[in-house]
Structure formats: C-alpha cells, structure tokens
Amino acid sequence: YKCSLLITLLSLLIFICSGPVCADIIDDMGTLTGWTTDNDSESTVSASVENGHSGNAIKLNYSFNDGDWVQIYKSYDSSNLSGGDSLRFYYKGSGNANNIEIKIFDLDGDICSTALSGVSNTSSWTLATVLYTSFSIWNDSDGNPLGDGVVDWENITKIVIGITKS
C-alpha cells in the first residue's frame, strides 16, 4: 500500500460538539465492529486497528492506483446528532496529500458532505473540527436533493469517512 490514514477521536472518535463543549461520542473507532470499507474499481483499501491519539484508532491502508477514492462507513438505525454544531476527530497519515471527506446520510435520503483538502499525509495527530454548516447537500443529475433537501441531524443513518485523490 502506498498510503495510510489513522483516524481516532477526541479520547476515542467522533464527537458531537457545540462550540468548545463535546456532548457525546458517536463512535470511538477503537474496533472495526460495524465499519465497512469500500472503494472504486481501481483503488484498494484495507482497515486495521492500531494505537491512536487516545486509545485505539482505525487505520486505512490504501492505494488509488488509477482510481480516485476509498472509504469506510458505518450504518445506524437512526442516530441523533442534533445536540451539537460540529464533529471532532483526530487524524494522521502518510503518503500523498489527499482529501479527507466526511459524508452524512439522513433517514429521508439526504446526503451531505464536506472535505479537508490535502491533509491525508499529516504526520502528527491533528484535531479536526468540522462544523455542520460546512456540509453541502448532494443533488441528483437534475439538481434536485436526494431527500427533502434539509439534513435531519436527529435521524442520521450513515457516516462515511473517505479519502479522495487531490
């Protein structure tokens, strides 16, 4: 594999935060339980657990080859993330400077995403705070939202962390 990315969160992965106060841990990313890897047809990815910033972290080993993306995701029946205004997590990686993309799926079909550009090769643990306002709604080929056009932060059904080629 040419690149790797370790993801962990403030004392164990993804937190729901409001300003400087973090309310809940969405997932500690200390195990692979419930997480699934995915990639385009030209890329490869595998996941393992290693020492993280605080506790364990999921490590993605990947190679784009001629592809453009790899990801890891977890589905939820319905997770309430409305208690905050941001997600926080720590990351570090090696290899080329690619993008870390976060995608959120809600119950009625909306998908929103945001990206940290060119940071996947950051060599020391770095805290990312991703404001909900930085997420953009995905639209279909006709420009219509996939759901009702409003992210329902009370009913999140999937969280995706992807690496996309810069």
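Worth saying up front: this structure is predicted, and the values here are computed from it rather than measured.
- The minimum heavy-atom distance linking Ala128 with Leu116 is given by the pair CB-CD1, 3.8 Å.
- Summarising the geometry, atom OG belonging to Ser46 is positioned 9.5 Å from atom CG belonging to Leu32; distances are rounded to the nearest 0.5 Å.
- Applying the side chain to side chain donor-acceptor pair (under 3.5 Å) rule to Thr31 yields the partners Thr33; only residues at least two apart in sequence or on another chain are considered.
- The shortest non-hydrogen separation linking Leu60 to Ala47 is CD2-CB, 3.9 Å.
- Between Phe64 and Ile163 the shortest side-chain heavy-atom distance falls below 4.5 Å.
- Residue pairs meeting the salt bridge (charged side-chain N to carboxylate O under 4.0 Å, His left out) criterion with at least one member in residues 61-82, sequence neighbours excluded, are Asp27-Lys74.
- The side chain to side chain contact (heavy atoms under 4.5 Å, CB included) search around Ser134 returns Thr114, Val130, not counting sequence neighbours.
- Take Ser117 and apply the side chain to side chain contact (heavy atoms under 4.5 Å, CB included) test, not counting sequence neighbours, and it matches Asn99.
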Side chains of residues 146-153: which donor-acceptor partners sit under 3.5 Å, not counting sequence neighbours?
| residue | atom | partner | partner atom | Å |
| --- | --- | --- | --- | --- |
| Asp148 | OD1 | Val150 | N | 2.9 |
| Asp152 | OD1 | Glu154 | N | 3.1 |
| Asp152 | OD2 | Asn155 | ND2 | 2.7 |

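- Taking all atoms of both residues into account, the shortest heavy-atom contact from Pro145 to Ile137 is CB-CG2, 4.1 Å.
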Next item on the list: Apply side chain to side chain contact (heavy atoms under 4.5 Å, CB included) to Thr37 and Tyr62, showing your working.
Entry: CA-CA 10 Å; Thr37 58; Tyr62 65 96; over 6 Å; no
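- Taking every heavy atom of both residues into account, Val49 and Gly30 meet most closely at CG1-O, 3.3 Å.
- Within the structure, the side chain to side chain donor-acceptor pair (under 3.5 Å) test picks out the following pairs touching residues 104-113 (sequence neighbours left out): Ser113-Trp138.
- Shortest non-hydrogen contact noted between Ile102 and Phe135 is O-CE2, 3.6 Å.
- Residues passing the side chain to side chain contact (heavy atoms under 4.5 Å, CB included) test with Val160, sequence neighbours excluded: Gln71, Tyr73, Lys103, Phe105, Lys158.
- Counting heavy atoms from C-beta outward, Asn121 and Ser94 have side chains that stay 4.5 Å or more apart.
- Of all non-hydrogen atoms in Gly118 and Ala97, the two that sit nearest each other are O-CB, 3.5 Å.
- Thr122 is linked by a side chain to side chain contact (heavy atoms under 4.5 Å, CB included) to Tyr91, Val119, Thr126, counting only residues two or more places apart in sequence or in another chain.
- The side chain to side chain donor-acceptor pair (under 3.5 Å) search around Ser43 returns Asp40, not counting sequence neighbours.
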